Amino acid sequence: MSWVLRDGYEAVRMHSRRAFLNVDSQDEANFPAVIWTAQAMRDHRIDKLILATEAAELVKAVNMPKTWPSFAFQSAKILSLLDNFESWKLILESHGTNRGASLIAQSAAKSSHLQAYVAVGAPGWLENLFEDERSFASV
């Protein structure tokens with residue numbers, strides 16, 4: 001999994017990756033990934049958060065918890081973390097929309113290095129891709 005923190009101008013300020021062990025599928029990893037991301041943003045003292053994820057069911061469960069009772073535990077846990085922010089949105093984002101974050105996550109899955117990290121800016125090997133995403137977002 002990975003997260004990328006962007007500012008209001010879409011510039012990458014920080015990124016992180018982490019490999020989750022004993023997780024059999026992407027769907028199974030979505031909940032701990034959203035929790036991990038929200039905790040990281042809280043720990044970095046981010047006040048306003050737009051958390052974009054591919055986890056459609058979690059987005060629906062958090063934004064409309066009464067209509068997703070089978071996700072009550074997950075939505076309550078996520079909402080309790082999101083309540084730490086001055087303002088927040090949890091939105092659905094397609095896999096292709098944030099390719100940089102996806103490639104960082106893939107590098108965690110394919111790498112033999114299971115060490116998680118947080119770094120300032122974009123990874124050097126993806127700087128051009130993130131700059132392209134930034135240019136596309138400002139159009």
Side-chain angles (χ1 to χ4, degrees):
M1 295 293 143
S2 72
W3 55 256
V4 174
L5 177 64
R6 298 175 189 254
D7 63 17
Y9 302 102
E10 295 293 320
V12 175
R13 295 296 172 206
M14 288 189 284
H15 75 278
S16 182
R17 77 171 194 189
R18 176 180 174 189
F20 286 93
L21 301 176
N22 301 318
V23 176
D24 295 326
S25 70
Q26 179 69 40
D27 287 339
E28 192 178 326
N30 286 334
F31 175 62
V34 168
I35 295 295
W36 168 65
T37 302
Q39 289 171 334
M41 296 302 106
R42 178 197 63 202
D43 294 346
H44 287 290
R45 295 185 170 89
I46 303 303
D47 295 328
K48 298 175 183 172
L49 178 66
I50 299 173
L51 201 158
T53 178
E54 297 174 34
E57 292 174 334
L58 286 179
V59 171
K60 292 173 186 175
V62 168
N63 291 324
M64 300 176 293
K66 290 182 181 178
T67 60
W68 287 80
S70 60
F71 284 83
F73 170 80
Q74 291 91 337
S75 63
K77 179 73 173 169
I78 293 168
L79 285 166
S80 72
L81 281 167
L82 294 175
D83 283 342
N84 292 296
F85 298 93
E86 181 182 315
S87 65
W88 63 267
K89 289 181 186 178
L90 181 64
I91 62 172
L92 185 62
E93 187 165 88
S94 69
H95 180 76
T97 306
N98 196 351
R99 191 159 174 252
S102 179
L103 290 169
I104 294 169
Q106 288 174 23
S107 75
K110 293 177 182 175
S111 170
S112 61
H113 305 290
L114 298 178
Q115 183 74 29
Y117 72 85
V118 176
V120 174
W125 57 281
L126 288 175
E127 283 181 6
N128 290 338
L129 178 75
F130 278 110
E131 195 55 41
D132 289 348
E133 286 182 351
R134 182 179 178 195
S135 297
F136 182 75
S138 64
V139 173

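Below, all heavy atoms of this structure are taken into account, side chains as well, without hydrogens, waters or symmetry copies. If you're wondering where the values come from, they're calculated on a predicted model, not measured in any experiment.
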*Where do Lys66 and Pro69 come nearest, in terms of heavy atoms and distance?*
O-CD, 3.8 Å

_Tell me the closest heavy-atom pair linking Ile104 and Ser107, and the distance in Å._
O-OG, 2.6 Å

*Using the side-chain contact (heavy atoms from CB on, under 4.5 Å) rule, take Met14 and Trp3 through it: C-alpha gap first, then chi angles, then the decisive distance, then the call.*
CA-CA 8 Å; Met14 288 189 284; Trp3 55 256; 3.8 Å; yes

*Using modelled atom types only, decide if a donor and an acceptor are shared between the side chain of His15 and the backbone of Val118 within a distance under 3.5 Å.*
no

*Looking at Phe130 and Asn98, what are the two nearest heavy atoms and their distance?*
CE2-OD1, 4.4 Å

*Check whether Met64 and Trp88 end up in the same hydrophobic cluster, where Ile, Leu, Val, Met, Phe, Trp and Tyr are linked by side-chain heavy atoms less than 4.5 Å apart.*
yes

*Mind checking whether Val12 and Tyr117 sit in one hydrophobic cluster, side chains of I, L, V, M, F, W, Y counted as touching below 4.5 Å?*
yes

*Measure the CG-CG distance between Leu82 and Leu51 for me, rounded to the nearest 0.5 Å.*
7.0 Å

*asked:* Are Val62 and Phe73 connected into the same hydrophobic cluster when the rule is that any two of I, L, V, M, F, W, Y join if their side-chain heavy atoms are below 4.5 Å apart?
replied: yes

*For the student: nearest non-hydrogen atoms of Glu133 and Thr97, plus distance*: OE2-O, 4.1 Å

*From Ile46 CD1 over to Glu86 CD, what is the distance, rounded to the nearest 0.5 angstrom?*
12.0 Å

*Spatial distance of atom CD (Glu57) from atom CH2 (Trp68) [nearest 0.5 Å]*: 5.0 Å

*Value rounded to 0.5 Å, distance of CD1 in Ile35 from CE in Met1*: 13.0 Å

*Identify the heavy atoms of Phe71 and Ala61 that sit nearest to each other, and give their distance.*
CB-CB, 3.5 Å

_Set of side chain to side chain contact (heavy atoms under 4.5 Å, CB included) partners for Asn84, sequence neighbours left out_ = Arg42, Leu81

*Can you measure from CG (Leu5) to CG (Asp7) and round to the nearest 0.5 angstrom?*
8.0 Å

*Indicate the atoms forming the closest heavy-atom contact of Leu90 with Leu58, along with that distance.*
CD2-O, 4.0 Å

*asked:* Can you tell me if Leu129 has over 12 outside heavy atoms packed within less than 6.0 Å of its CG?
replied: yes

*asked:* Rounded to the nearest 0.5 Å, what separates atom CG in Asn30 from atom CD in Glu54?
replied: 7.5 Å

